[in-house]
> 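Before anything else, here's the structure in question.
All ligand and atom numbering here is 1-based and tracks the order in the structure. Just so it is clear, the model here is predicted, and its values are computed rather than measured.
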Amino acid sequence: MAKGHKKSTKTGVKRKATKFPWEDDTGWRNVTPGTDSVSLLFGNEEGGFMSLEEFDGDAFGTIEADAGKSVEERSNGNSDASVMADKVEKKSKKRKKAEITGGQEAADLADTSAVDGAISADPQKETAKNQNPKKKRKLKEKRQLAASAAADTSSDVAERCEVEGASTLNEVSAEEKTAEPVEKRKKRKPRVGSKARRARKRDQEMADQATEVSASVSGGVKDSGDLEEFVCAEAGPLETEEGDDEPSPSVSAEELPDEEFDISAWADMRLHPLLQKAIRGLKFKEPTPIQRECIPAAAHKGKDVIGAAETGSGKTLAFGLPILQRLLEEKEKFTHSLNLTLEEAEAEAKSKSQGPLRALIVSPTRELALQICDHLKAAAKWTSINIVPIVGGMATPKQERLLSYKPEIVVGTPGRLWELMSNGQTHLLELHSLSFFILDEADRMVEKGHFKELQSIIDSLPQNHKKSAEEEENSNFEGLNSDVGVEVELPKMRKRRQTLVFSATLALPPNFKNKLKMSNQKPKPFMKSLDSVAALSERAGVSYKAAIVDLTSSNIVAKNLTECALECRDEEKDLHLYYLLKVHGGGRSIVFCTSIAAVRRVSALLKILQLTFYPLHAQMQQKQRLKAMDRFRSSGDGILVATDVAARGLDVPGIRTVVHYQLPHSAEIYVHRSGRTARASTDGCSIALVSPADRTKYLTLCKALSRPEGFNSFPINMAYMPACKARVDLAIKVDKLVRKNAQSQASHAWLARSAKAMELDIEDVEDDQMSSEKGSTLSKSESAQVKAAQKELESMLSQPVKPKAFSNRYITGSGLTPLVTKQLQEYALSASKKGSGGKAAAGKQPGKNRLVVIGQQQMDPLEVLRLSNSQPTAKRPFKRRRQ
Ligand SMILES: Nc1ncnc2c1ncn2[C@@H]1O[C@H](COP(=O)(O)OP(=O)(O)OP(=O)(O)O)[C@@H](O)[C@H]1O
């Protein structure tokens with residue numbers, strides 16, 4: 001046998017001693033004995049595997065590259081060529097990055113930005129371009145973008161420099177203007193002024209704040225029940241442990257948007273070039289329907305908006321872009337009035353305090369606030385607008401310091417915002433210049449718990465001006481003073497505050513606009529309770545001329561969501577869950593439970609069954625929760641087992657399936673839970689496990705969602721059930737015994753503690769039946785049972801789940817993407833050719849290397865549903881299945 005191979009115990013199958021590099025990514029942990037001594041069978045654990053000649057893992061670089069991707073990405077990849085192209089691109093990006101992080105950061109970055117801005121280095125081209133006025137205009141626009149990017153970048157770059165500092169924003173702009181040779185710039189020692197130092201410190205603190213939140217929330221600071229909720233911010237990887245001191249540049253060459261990406265569908269939104277640039281970078285091809293309706297109304301007509309649209313429909317940017325647009329427009333008017341170039345104005349704005357608060361966004365939970373903040377930051381990436389989250393879990397002094405830099409936009413939770421406001425935090429009390437007041441997830445805001453602080457915040461807002469929106473539009477920039485000197489002031493703000501109220505569900509009374517009109521004329525409407533979105537909007541002073549954009553359909557849920565139910569007995573829920581996750585797994589899934597105990601039990605079972613899962617519930621520490629979310633985000637096909645703390649706002653791409661292991665208490669929670677999948681333009685599937693005990697709840701849910709006929713039933717391939725059942729039964733057995741052991745250990749520990757406290761001898765109270773095994777309270781026979789069950793389960797889990805009619809004579813390729821299958825076939829072919837003359841064929845007959853892949857793709861639940869002819873479930877009697 002060749003060196004580096006070990007022999008399988010039962011057969012003569014050879015296997016490389018090393019782990020195959022892609023094993024972890026694909027879940028191909030099982031190598032199943034083949035029928036001859038020179039082949040291997042590979043399977044992805046569920047009912048299918050393939051035979052392959054023994055091979056050199058390195059030769060599978062391309063397969064590895066593909067297998068490491070998510071299922072979604074893999075299905076998008078069409079050819080080897082695309083994989084190779086990806087690799088080449090990654091390499092060149094890495095090289096570029098390395099160049100940038102060298103000694104010439106500021107200057108080179110400015111260059112890179114300029115290059116990205118398509119400023120041609122070739123003077124001939126430049127002249128030719130300039131001759132065409134259209135191109136000239138475009139070029140000018142691009143120059144502005146590039147210069148502004150360079151300006152924004154330079155302060156971050158300055159932080160990275162070990163030397164005394166890097167160029168100030170003005171210096172970078174100046175450098176770009178005079179096109180100083182790179183060599184000369186390299187030699188020159190960067191200077192740093194006090195303005196730049198201030199800006200640098202401010203930027204550093206603002207950049208650190210998400211980290212701060214993650215780190216400090218673990219301390220368990222309460223924020224009006226926010227700990228009960230959990231929606232992790234898209235704030236990137238957790239940085240609480242180590243290596244997070246080094247601030248990363250806000251703009252690297254890699255991040256510069258692809259100029260070729262077509263965003264012409266956004267033209268009607270008339271967004272500022274810097275916002276368009278960010279949108280191009282985010283690769284948002286077109287505005288979502290709610291954005292299409294809300295942006296013109298709020299950004300260009302200056303209207304209040306009450307907006308409702310399905311989950312994952314892009315509501316954050318529907319209110320975020322209008323805010324940014326207005327602020328940029330104002331800056332631009334100010335710039336023109338002072339005859340400053342855009343980059344000079346940006347530099348000026350960056351180097352001094354920003355001015356009064358312009359937009360206050362209130363969100364019901366701290367994690368949602370962080371997520372909103374991240375979305376806005378991504379959209380404001382090429383601007384100098386500062387956005388700060390003010391949420392519970394951050395140290396108050398640090399938040400006060402951040403506010404002292406006077407960010408234009410604050411996103412916060414009611415509890416912490418009100419705490420700072422009532423402590424006299426000046427920036428939060430300068431509400432006379434507030435141009436936008438936003439209430440996100442308004443339906444959640446009117447649930448009990450947030451009312452008190454929110455009402456206090458609303459009551460602190462100055463009474464709105466009585467002018468109509470159109471009048472205000474004309475007088476919007478009154479007071480712009482072009483005579484201001486060097487110590488420039490930002491322009492006077494628009495007079496009327498816009499109020500935007502957003503929600504995933506909306507039920508406004510028929511005479512709502514009339515009520516608004518009446519209340520607009522009174523000083524402040526008195527209300528006993530803010531128990532509806534209508535009442536909240538009225539209280540917040542929404543104008544009766546508000547644009548009401550209700551894009552919710554009768555069944556409320558996302559239009560790309562496919563819903564279904566799987567009927568089973570209570571005790572069969574584990575089996576059906578395992579079947580769904582194992583046989584139809586693929587992509588990320590969330591399993592929702594109503595109780596923490598259920599999350600714990602399901603998690604324990606999935607652990608025994610060796611599935612990759614992450615538990616999440618309110619009794620976990622915030623730090624653990626963030627960690628769980630971070631891991632879930634970075635795993636291509638992980639399973640999140642969560643309570644309803646994860647039901648709202650969580651925005652993780654690629655969630656394919658939501659399983660309601662226990663039905664939620666209300667239709668609203670069902671909508672939010674299901675809304676974790678089928679977000680933006682993606683599709684997804686929601687499966688409700690319905691037991692006879694759930695029947696009443698289920699029918700009520702269907703009624704509330706206007707689905708009297710119920711959801712279609714999820715089709716089960718019964719051939720897989722015996723194998724799944726054998727595993728789940730064993731897992732339940734192991735779990736019960738382990739649980740019993742843990743419980744009796746806990747009670748024994750309690751007994752020991754109590755005995756000690758009462759000064760009794762522990763020997764006297766020890767149970768005779770206790771196992772002699774140290775640390776275990778199971779009897780010997782129980783311990784033996786656990787071991788036997790574990791061993792049996794282990795051996796089962798080492799095999800793919802085989803359908804009942806499975807025969808080892810037929811090899812199936814279930815679970816392999818067409819690309820991987822093709823690559824394996826090609827590899828086998830080339831190995832065969834190579835083998836006819838080389839070492840790969842040592843000891844083998846040339847031409848005997850064969851690869852046979854028979855079978856179908858592993859299908860995720862959505863595909864299964866689409867291919868099935870399933871029927872609605874509500875009207876027919878409950879079906880009991882026999883296993
Ligand atoms: N125009 C767009 N094109 C493509 N994707 C978009 C667009 N606008 C926003 N998105 C993306 O869609 C996802 C959902 O957006 P967002 O979180 O704003 O939805 P939402 O309506 O607030 O959802 P929920 O009601 O569940 O909180 C985000 O990942 C966001 O980046």
Side-chain angles (χ1 to χ4, degrees), residues 72 229-236 257 261-269 271 275-276 278-295 305 307-324 361 363-365 367-381 411 438-445 500-506 533 549-553 556-561 588 590 633 644-655 658 668-684 686:
E72 216 179 337
E229 300 286 336
F230 185 85
V231 189
C232 184
E234 180 72 1
F261 188 78
D262 179 20
I263 55 159
S264 53
W266 285 87
D268 292 348
M269 302 294 106
L271 290 175
L275 298 181
Q276 288 183 27
I279 284 166
R280 185 173 275 126
L282 290 167
K283 299 217 180 305
F284 291 167
K285 200 163 174 283
E286 55 185 4
T288 63
I290 186 87
Q291 291 164 357
R292 199 176 281 284
E293 298 282 328
C294 296
I295 295 171
V305 174
E310 61 191 38
T311 50
S313 55
K315 293 187 284 292
T316 312
L317 288 188
F319 62 75
L321 288 172
I323 300 174
L324 298 172
I361 302 169
S363 130
T365 72
E367 288 88 358
L368 252 182
L370 293 172
Q371 192 168 285
I372 293 169
C373 204
D374 286 335
H375 282 194
L376 296 197
K377 278 181 179 172
K381 178 174 177 161
V411 190
I438 318 283
L439 293 166
D440 191 27
E441 298 275 356
D443 54 345
R444 174 76 178 89
M445 296 283 206
L500 313 183
V501 179
F502 278 79
S503 171
T505 51
L506 192 64
V533 174
V549 183
D550 185 0
L551 301 185
T552 53
S553 57
I556 316 171
V557 293
K559 66 176 185 305
N560 293 334
L561 178 77
R588 299 185 181 108
I590 305 189
R633 258 199 184 86
D644 290 325
V645 295
R648 272 173 193 268
L650 181 92
D651 185 43
V652 179
I655 295 176
V658 167
E668 201 179 36
I669 297 178
Y670 171 85
V671 169
H672 283 286
R673 276 182 179 188
S674 306
R676 295 319 100 209
T677 181
R679 294 178 74 73
S681 52
T682 63
D683 51 17
S686 151

> Among all protein heavy atoms, pick the one closest to atom 8 (N) of ligand 1 and tell me residue, atom and distance.
Q291 NE2, 2.8 Å

> Specify the protein heavy atom at minimum distance from atom 19 (O) of ligand 1: its residue, its atom name, and the distance to 0.1 Å.
G314 N, 3.2 Å

> Please report which non-hydrogen protein atom sits nearest to atom 10 (N) of ligand 1, along with the residue it belongs to and the distance in Å to one decimal place.
F284 CZ, 3.5 Å

> Any atoms of ligand 1 less than 4.0 Å from a non-hydrogen atom of A680? List them with their elements.
5 (N), 12 (O)

> Considering only heavy atoms from C-beta outward, does the side chain of D443 approach that of R648 to under 4.5 Å?
yes

> Using a 4.5 Å cut-off on heavy atoms from C-beta on, say whether the side chain of I290 contacts that of V549.
yes

> Going by the closest heavy atom to atom 26 (O) of ligand 1, which one wins out of R292, R679, H672?
R679

> Any idea which part of W266 is under 4.0 Å from ligand 1, heavy-atom wise: side chain, backbone, both or neither?
side chain

> Less than 4.5 Å apart, side chain to side chain, heavy atoms only: is that true for L561 and T311?
no

> Can you see which heavy atom on Q276 is nearest to which on L271, and at what distance?
NE2-O, 2.8 Å

> Are V652 and R676 close enough that some pair of their side-chain heavy atoms sits under 4.5 Å apart?
no

> Using a 4.0 Å heavy-atom threshold (strictly under), name the region of K315 that reaches ligand 1: side chain, backbone, both or neither.
both

> Just to verify, which of V305, V533, I361 counts as forming a side-chain contact (heavy atoms from CB on, under 4.5 Å) with F502?
V305

> Does ligand 1 have an atom under 4.0 Å from some heavy atom of K285?
no

> If you measure from each non-hydrogen atom of H375 to ligand 1, which part falls under 4.0 Å: side chain, backbone, both or neither?
side chain

> Do the side chains of W266 and L275 get nearer than 4.5 Å, heavy atoms only?
no

> Polar contacts were defined as any N/O atom of the residue lying under 3.5 Å from an N/O atom of the ligand; does this apply to G675 and ligand 1?
no

> Identify the closest protein heavy atom to atom 28 (C) of ligand 1: which residue and atom is it, and at what distance?
D651 OD2, 3.0 Å

> Report the residue from P364, S363, S503 that forms a side-chain contact (heavy atoms from CB on, under 4.5 Å) with R444.
P364

> What part of R676, side chain from CB on, backbone N/CA/C/O, both or neither, has a heavy atom under 4.0 Å from ligand 1?
side chain

> Looking only at N/O atoms, are G312 and ligand 1 under 3.5 Å apart anywhere?
yes

> Provide the number and element of each atom of ligand 1 under 4.0 Å from a heavy atom of E286.
1 (N), 2 (C), 3 (N)

> Decide yes or no for L321 and I279: does some side-chain heavy atom of the first lie under 4.5 Å from some side-chain heavy atom of the second?
yes

> Please list, in number order, the atoms of ligand 1 under 4.0 Å from a heavy atom of T288.
1 (N), 2 (C), 7 (C)

> Listed by chain and number, what are the side chain to side chain donor-acceptor pair (under 3.5 Å) partners of R679, not counting sequence neighbours?
D651

> Just distances here: any N/O of Q371 and N/O of ligand 1 closer than 3.5 Å?
no

> Which pair of heavy atoms, one from A265 and one from P287, lies closest together, and at what distance?
O-CD, 3.5 Å

> Looking only at N/O atoms, are T316 and ligand 1 under 3.5 Å apart anywhere?
yes

> Compare every heavy atom of A678 with every heavy atom of A558, then report the nearest pair and how far apart it is.
CB-O, 3.7 Å

> For ligand 1, which atoms, with element, lie under 4.0 Å from some heavy atom of E310?
21 (O)

> List the closest protein heavy-atom neighbour of atom 27 (O) of ligand 1: residue, atom name, distance to the nearest 0.1 Å.
E441 OE2, 3.3 Å

> Any idea which atoms of ligand 1 are less than 4.0 Å away from a heavy-atom of S313?
19 (O), 20 (P), 21 (O)

